[in-house]
Amino acid sequence: LSDGKAIYRATAPAGTVLTFKADRRLELTLGNAGGVALEVNGQPRRTGPTGGVVHLAFELQGDQLRSAKV
C-alpha cells in the first residue's frame, strides 16, 4: 500500500526491479522475504528468511523515515 492505496499485487519474476513511491507511508507484504533485496531511500533494509512471509511498513515522521507497525 502506498499512502493507503494498493499499487501492486502480483508475483514478480526473478530479477525484476520494482520502484514504489509514497508521500507518508509504504506497506509491503513479501511472500519470499529472503528472495528480495530491498532499498528504502537508497538504504538497504533487511527483509526476512527465504520462503518467509513478512509485512513491512515505512512511515515518514517529520523529516525522518522510520519502520512502522503494520
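Residues take their numbers from the sequence shown, with the count starting at 1.
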Is there a side-chain contact between D23 and L60 in this structure, where contact means two heavy atoms from C-beta onward sitting under 4.5 Å apart? no

As an exercise, state the distance from CD of E27 to CD1 of I7, rounded to the nearest 0.5 Å. 10.5 Å

Same cluster (ILVMFWY, side-chain, under 4.5 Å), V53 and L28: no

Is there a path of hydrophobic side-chain contacts, each under 4.5 Å between heavy atoms of I, L, V, M, F, W or Y residues, that connects V70 with L65? no

Output for pair (L1 CG, T29 OG1), nearest 0.5 Å, gives 7.5 Å

To the nearest 0.5 Å, what is the distance between NE2 on H55 and CG on L30? 9.0 Å

Under 3.5 Å: donor-acceptor pair, side chain of D3, backbone of R24: yes

Please report the shortest heavy-atom distance between A33 and V54, naming the atom on each side. CB-CG2, 3.5 Å

Decide yes or no on salt bridge (charged side-chain N to carboxylate O under 4.0 Å, His left out) for E59 and R25, but give the supporting numbers first. CA-CA 4 Å; E59 192 168 75; R25 183 178 174 91; 2.9 Å; yes

Got a second to check how far L56's CG is from R46's CZ, nearest 0.5 Å? 11.0 Å

If hydrophobic clusters are built by linking Ile, Leu, Val, Met, Phe, Trp and Tyr wherever their side-chain heavy atoms come under 4.5 Å apart, do L18 and F58 end up in the same one? yes

